[in-house]
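Notes follow the structure.
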There are 2 protein chains.
Amino acid sequence: MMATMRDVARHAGVAPSTVSYMLSGDKPVAAATRERIEQAMDALGYRPNAIARSLASRRTRILALHLPEFDVSAGETVFEIVRGAYDRAAERGYLLTVWPIAAERAPQELSELVGRGHADAVLLVEVELDDPRVDSLHASGIPFLSVGRTRENAQLHFVDIDFEATIDQALEALTTTGHRDVMLLGRSRAMETAGYGPAVRSHEDFARLAVRRGLGHREHALDPTPQAGRDLARTVFAGADRPGADGTGGRPDAVVAMNDLAVVGFVNELQVMGFELPRDLSILSVVSNRRTASLTAPSLTAWQAPGEEMGRRAVDALLDQLADPHAPPTQVLVACTRYDGDSLGDRRAAA
Amino acid sequence: MMATMRDVARHAGVAPSTVSYMLSGDKPVAAATRERIEQAMDALGYRPNAIARSLASRRTRILALHLPEFDVSAGETVFEIVRGAYDRAAERGYLLTVWPIAAERAPQELSELVGRGHADAVLLVEVELDDPRVDSLHASGIPFLSVGRTRENAQLHFVDIDFEATIDQALEALTTTGHRDVMLLGRSRAMETAGYGPAVRSHEDFARLAVRRGLGHREHALDPTPQAGRDLARTVFAGADRPGADGTGGRPDAVVAMNDLAVVGFVNELQVMGFELPRDLSILSVVSNRRTASLTAPSLTAWQAPGEEMGRRAVDALLDQLADPHAPPTQVLVACTRYDGDSLGDRRAAA
DNA sequence: CTGTTAGCGCTTTCAA
DNA sequence: TTGAAAGCGCTAACAG
């Protein structure tokens, strides 16, 4: 009942291989022939069969994407990565499918599924410093690329956020608006130990970049919960009328947050305590997303993770790898993009 | 280099078909034969090829799942649905893949991909009252099941939340703790018009169920934003020392929220206004999720959407449909499960 | 530029 | 309970 390529060939009076050549574009086909084939195709309502194609060509033209749980902020950014990857894959003739495998089973099951021929390569999202998925895929000799990077990454194909550049942009925004003393509201040490990369790198980068700009700085590592943010607000600003107002550098006049969940609680608690933002304290959220940024009032000025671009570039790099398995690893860093909210004040004295 | 079924057969001294029978379990295989085949398999490191199997059997044993954007609360619940569906599918010998197609292109592209043989059936998630994906799949004669239901659903295979039962459970919890006047913080009319089912049904159900329990009631339809929640707090409770304290029924003493984003802003604003929860107002969040419930302090007592169960039951129903395409539609309703936070007060007078 | 010819690795009658 | 044979619908040399 479904028309096959053979039917089309017969109807057009050509060989099946000619139809195949036309569809794949692998070989040139005369305009007249192409015309007849096209007519035959829609006369018969022909739809190419992806399975048969995969079997004959020994590749599926399917890319599998895997992400662990959503529990760490993630949400919007991950979704953008996925969408960007899907679209780019489609443009390049591939189907990107997401495999919702539970984290514990992923290392084994990814290799298993690719081994059974369900996909040609794997895109790993939310990769941790020591990610078992990476080891497993590497051991199986399966082509893959990770969004995020492991600790050891000399041989890793990856696309990641340029944390350093993003933090520096936030500090520059603070410097040019006259801020003098900045606090990092970062990720907890527990997460670093657990292997969440950004938590490690951000503290080092932040301190170094603040010093270079001559800013007072301090770092706090918080669990990714609103309550942790509330607690910090109480701890650091208890008894202060206006956090940044003492002028002596005793208290920060700005916060750079890299912890979406905590910053929401932090802001809410400051407001309950009677502070007004950004008059009393400027708050910038980095590696964030629009949704979190709009959860508070005033909304947060934020640097959003470039999800879509990372997804697109990941697919390109992965397909390059498929085309030339022995090329040196592709490693791409992408900076976040600024999104203006109302949480950045101007502390410059009127001239 | 990869061992094929033929290699295994040769190695075990049997016919390829025998190996196939053993793997599929379609026909009985003698214990002795089975033994020899198993040995051959792991001697050769055999892995069955899913593509070849699909081509020969004319079915992929793949289920495709599609969800539109994440913008409406969703998040955690959707993820649970997907995970539940994946696990159940695996148990039943199927691979569930998620196709991250943009909402606009989904109706067309889903049919296209299934038409090309990429999957046997489709699971639709976050289905709206008038969902073009449903029409398209129906027109293409593709087997599918929706999580959520359309307006016209007599012929639809679906699994959905039992909103009515959930709302009633929330009202019961309020009744037994002595509340007298309940406000619904629902979804906006705009969403109803746009076809988001729960928004429509919840208002009707809420009013009717409140009346039946002899509770004072009122409904507010809010956009799914924290700001909408803040505005409502100001509007309804301006000038009140304690929202539920006037006792005369002039103000509600409890809120049932079915709008995760708005309820966060609502609670925060009440706190900024100086109210204390749940002393001044009880708040229950229904069809919610743990993450939202823990975004505020006190955390919210909530009824969580039964994501995993819906996913599992959706797969079962879909595979039933595949087995018997002419059976009457399966329609399943699942109630939410309660999760205790600290936002429910007790208003009963001490006896 | 087009046709011929073998498969890709498995399933599935049909016989034995 | 097992085997032989004929494909599933397409691709990819190789020839012409």
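Here is how names work: the chains are called A, B, and so on, in the same order as the sequence lines, proteins then strands, and each is numbered from 1.
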What heavy-atom pair brings [X] and [Y] nearest, and what distance separates the two atoms?
X	Y	answer
B/A40	B/A12	CB-CB, 3.9 Å
B/D131	B/V127	OD2-CA, 3.5 Å
A/G307	A/E80	N-OE1, 3.5 Å
B/Y94	B/R59	OH-NH1, 3.6 Å
A/A305	A/I161	CB-CD1, 3.8 Å
A/S111	B/R47	O-NH2, 4.3 Å

Problem set entry | A/R92 CZ: over 12 foreign heavy atoms closer than 6.0 Å |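 Enclosed: over 12 neighbouring heavy atoms sit under 6.0 Å from CZ of A/R92.
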Less than 4.0 Å between a side-chain N and a carboxylate O, is that true for [Y] and [X]?
X	Y	result
A/E128	A/R133	no
A/E91	A/R88	yes
B/R313	B/D316	no

For this session: Could you check which residues of residues 108-116 of chain A get a heavy atom under 4.0 Å from DNA chain D? Sort them by number, please.
Result: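 Going residue by residue through residues 108-116 of chain A, none turns out to have a heavy atom under 4.0 Å of DNA chain D.
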Exercise. So, A/T97 versus B/T97: side-chain donor-acceptor pair below 3.5 Å or not?
Worked result: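 Distance-only check fails for A/T97 and B/T97.
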Judged by atom type as modelled, is there a donor-acceptor pair below 3.5 Å linking the side chain of [X] to the main-chain atoms of [Y]?
X	Y	answer
A/Q155	A/P329	no
A/R83	B/P100	yes
A/S146	A/R149	no

For this session: Check each residue of residues 28-43 of chain B for a non-hydrogen atom within less than 4.0 Å of any atom in DNA chain C, then write out the ones that pass by number, or none.
Result: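 Contacts with DNA chain C under 4.0 Å: none.
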For this session: For the helix from C/dC1-D/dG16 to C/dA16-D/dT1, measure the angle between the helix axis at one end and the axis at the other, each built from five pairs, rounding to 10°.
Result: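 Result, rounded to 10 degrees: 20°.
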Problem set entry | Annotated protein contacts, base or backbone, on nucleotides 9-16 of chain C with a non-hydrogen cut-off under 4.0 Å, one of B, S, - each | BBBBBB--
Problem set entry | Nucleotide range of DNA chain D lying under 4.0 Å from chain A heavy atoms |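 Span of nucleotides near chain A: D/dG9 to D/dC14.
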For this session: Please name all residues satisfying salt bridge (charged side-chain N to carboxylate O under 4.0 Å, His left out) with B/R105, sequence neighbours left out, ordered by chain then number.
Result: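 For B/R105, the residues satisfying salt bridge (charged side-chain N to carboxylate O under 4.0 Å, His left out) (neighbours in sequence not counted) are A/D87, B/E109.
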